[in-house]
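Not measured: the values here are computed from a predicted model.
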Amino acid sequence: MLIDHRESENHSQERCRKCGMSLTSDEIAITRKLINRGTTVYYCADCLAEAFDVRRADIEAKIVYYKKSGCTLFQ
């Protein structure tokens, strides 16, 4: 499971388009990976999971997979 650092991360002022939650860099990256690399509209893991009709754990697993795969969207 990924650690939620929403409150401690100051690098991003981006917020989820649907619920308004502050986003992590991983949530921004997974939105770009799953929706569109050039998007400027981002979603939190919960809202992405809802949109794709999957569990949050599935989104988190994809984040881990893409990080291990060396995807440059993920830091």
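- Residue-environment remark: CG (N36) exceeds the threshold of 12 foreign heavy atoms within 6.0 Å.
- At most 12 non-hydrogen atoms from other residues, nucleotides or ligands lie less than 6.0 angstrom from OH of Y65.
- Contacts of S69 classified as side chain to side chain donor-acceptor pair (under 3.5 Å), with partners at least two apart in sequence or in another chain: none.
- Here SG of C71 is found 8.0 Å from CD1 of I30. Values are rounded to the nearest 0.5 Å.
- Taken to the nearest 0.5 Å, the CZ atom of F52 stands 12.0 Å off from the CG atom of D58.
- Atom CE of residue M21 and atom SG of residue C16 lie 8.5 Å apart, to the nearest 0.5 angstrom.
- Taken to the nearest 0.5 Å, the CG atom of L34 stands 11.5 Å off from the OG1 atom of T39.
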Check your understanding: Given L48 and V54, is the side chain to side chain contact (heavy atoms under 4.5 Å, CB included) satisfied, shown in steps?
Key -> CA-CA 8 Å; L48 277 174; V54 298; over 6 Å; no
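- Here the side chain of S22 pairs no donor or acceptor atom with the backbone of R15 at under 3.5 angstrom.
- Under the side chain to side chain donor-acceptor pair (under 3.5 Å) criterion, Y42 pairs with R32, sequence neighbours left out.
- Applying the salt bridge (charged side-chain N to carboxylate O under 4.0 Å, His left out) criterion to K18, with sequence neighbours excluded, gives E50.
- The OG1 atom of T31 sits 10.5 Å away from the CG atom of L73 when rounded to the nearest 0.5 Å.
- Evaluation of the salt bridge (charged side-chain N to carboxylate O under 4.0 Å, His left out) rule for R17 yields no partner, not counting sequence neighbours.
- In this structure, NZ on K67 lies 15.5 Å from NZ on K62, to the nearest 0.5 angstrom.
- Distance alone, capped at 3.5 Å, places no donor-acceptor pair between the E14 side chain and the L23 backbone.
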